Amino acid sequence: MTHIMRYMKRFPLVQTRMTKLFAIICHPKVQLHTYLKPPKANQALKKYLNSNCITEALLFFRELMRKSPSTIDSFSFLFVLKACTQKHSATGGKQLHTLIIKFGFEPIIYLQTSLINMYSARGNLFDAHCVFDEITCKNIVCWTALISAYVDNQNPRKALKLVWQMQMDNLEPDNVTLTVALSACADIGALEMGEWIHAYVRRKEGLHIDLSLNNSLINMYAKCGDIVAARRLFDGMKKKDVTTWTSMIVGHALHGQAEEALKLFSKMRGINKNSRKHKRHGDCGSSLIVPNDVTFIGVLMACSHAGIVEEGKQHFKSMSEDYGLKPRESHFGCMVDLFCRAGLLNEAYEFILEMPFKPNAVVWRTLLGACTLKGNVEVATEVQGRLLELDPGYAGDYVAMSNIYASKGMWDQKIVVRHHIKQRRSPGCSLIEVGTEINEFVAADEDHPLRSEICTVLKHLLINMKSFGWSFHRSYCWCFSR
DNA sequence: CTAGGGTTAG
C-alpha cells in the first residue's frame, strides 16, 4: 500500500487512473484525501453542473460517497444540492439532508439556504420553513430564500408578511428581496404595496438597482393595472434584455392593447437586425436580443385578445421556423384560445386533435367556454365527454353544460346535468370597495376564505375594463354573492 | 470552489 501511495505522490498525472484501482484495494476509511483533495472532487462536481450534466454529477457524488467519503466536504454538498434541486427526484433531497446532518455540516448557513431552495422546488414548504427556523443567525439571503419559496408555491400573501417580519428583525431588504416581493405584489394585484416598494427603491441610498429589479417593477405595474406606469419605466430603461421586452409585451397583451404589443415585438426584432449589422462592422454586438418561448406567449396572447387569427398563426409558425423554438403545451393553449375567441369552434376542435400533446383539461375547458358563448351544443357534448374522462369532479363544467342546454331550451337535458353536481360550494358573500380611481381595490373582509380569489377576479376585471377605456370617478361598492 | 431574484395559455 505504501508503495502505491509513494508512487502516486511522485507521479500525480497517473493519479486519476490509479484512483479507481486504489479505491478498490483500499478500505474507504483509508485517508484518500491526500491524493484526491476536496477541491479537486468539488471542481469535478462543478464542471458537471456547469455543463448541465446533472445525473452525472449525482452519480459522481455517489461514487465519492462509496469509495472515498473523506474527500467530501461542505462545499461538495453545496454543489450536489444544486444538482438535486434541478433534478426533481423525490427522495434524493431528503437523503442529502440526512447526510448533511450525519457529516455534521448542519449549522452551515450556505447549506441551510440551499436546503430551503431544494425543499421549495419540491413544493415542500413545511420542511423548507423548518430548516429556516433552525438557522440561528439569519441573514438577508436565507430570508429571501424563504420568501421566494412562498412566492414560487403560490402563497404571495405569506411572502409579503415575511418581508414585513424580516424588517421587524432589523434586516433591511436588498435588491433581491425587493425583486421577489414585487413578484408577490404582481400575483395578488397589490398596487399600493408595489408602489410603496418603488418609492423605497428610489429613496434608499446605496441600493443597487439592476435589470431584474427593474423588470420586476415593470411586471408589477402591468399586472396591477397601471400599464402607463409600466410603459414609462420601460421607455426610461437604458439597458433592456429579453425579459424586459417580454414583460412589456405580455403587459400590453393583458390590457388588450394588441397593437402596442405587436409593435413592440417588431421593434425588438428591429433591434436585432440592427445589432447584427453592427456586429458585422465590429461593434455593439452585446445588445442582441433574441425572443424566447415566453415572448411568443405574449405575442400569441396579444393576437388572441385582439382577434387577429391570421397573424397569430404566422407567429406560431415563425416561432419554430425562424427561431428554432419548440412550442410548448401553453403555446398550443394560446392557439386554441385564439380560435375560440374568434368563434372558430371547429377549427379549434381540429387543432386540439392534431396537437402533439395529450390535450389537458384546461384546453378542453377553453373550448367548452367558447361553446357556451356560441350556444354550440354539438361541439360542447363532444368536449364534455373528454372532460368527464380527465376531470370528472369539476363542478364548473356541469354548470357550463347546463347553461348551454338552457340557452337552447333543452330543459330535460339541463336537469339531468344539474343533478350531476353533487357538492355545491358553500355560498359566500364579500364586499369590495373601489375607490375614485379604478386602479385600486380593497376587499373589506380581511379574513374571508375567498378573499384571494375575489382579488384575482377583480384584478382581471380591472384589466379588462381598462382595455375598453372605462373609468370610474365615483366611489363604487360592489357586493358579490353566490 | 460557497447560499437568495425578474417574463409563461385559461
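Note that the coordinates shown come from a computational prediction; the quantities given were computed from them, not determined experimentally. Here is how names work: the chains are called A, B, and so on, in the same order as the sequence lines, proteins then strands, and each is numbered from 1.
- The side chain of A:N292 sits closest to B:dT7 out of B:dA3, B:dC1, B:dT7.
- A:N139 contributes a side-chain N or O that forms a donor-acceptor pair with the base of B:dA3 under 3.5 Å.
- Between A:K223 and B:dT8 there is a side-chain polar atom (N or O) within less than 4.0 angstrom of OP1 or OP2.
- The distance between atom CZ of A:F105 and atom C1' of B:dT2, rounded to the nearest whole Å, is 13 Å.
- Remark: side-chain polar atoms of A:R122 are paired, donor with acceptor, to backbone N or O of A:M118 under 3.5 angstrom.
- Residue A:K46 has its side chain nearest to B:dC1 when only B:dC1, B:dA3, B:dG5 are considered.
- Closest to the side chain of A:L78, out of B:dG4, B:dG5, B:dT2, is B:dT2.
- A straight line from NE2 of A:H331 to P of B:dT8 spans 12 Å, rounded to a whole angstrom.
- Annotation: salt bridge (charged side-chain N to carboxylate O under 4.0 Å, His left out) contacts involving residues 288-299 of chain A, sequence neighbours excluded, comprise A:D293-A:R328.
- Between A:F332 and A:F351, the two ring planes are tilted [angle within 30° to 60°].
- One can place CG of A:N50 at 14 Å from P of B:dC1, the figure rounded to the nearest angstrom.
- The CZ-C1' distance, from A:F351 to B:dA9, rounds to 12 Å in whole Å.
- Between A:S212 and B:dT7 there is no side-chain N or O to OP1 or OP2 distance below 4.0 Å.
- Residues forming a ring-ring contact (aromatic ring centres under 6.0 Å, His included) with A:H97 (at least two apart in sequence, or on another chain): A:Y119.
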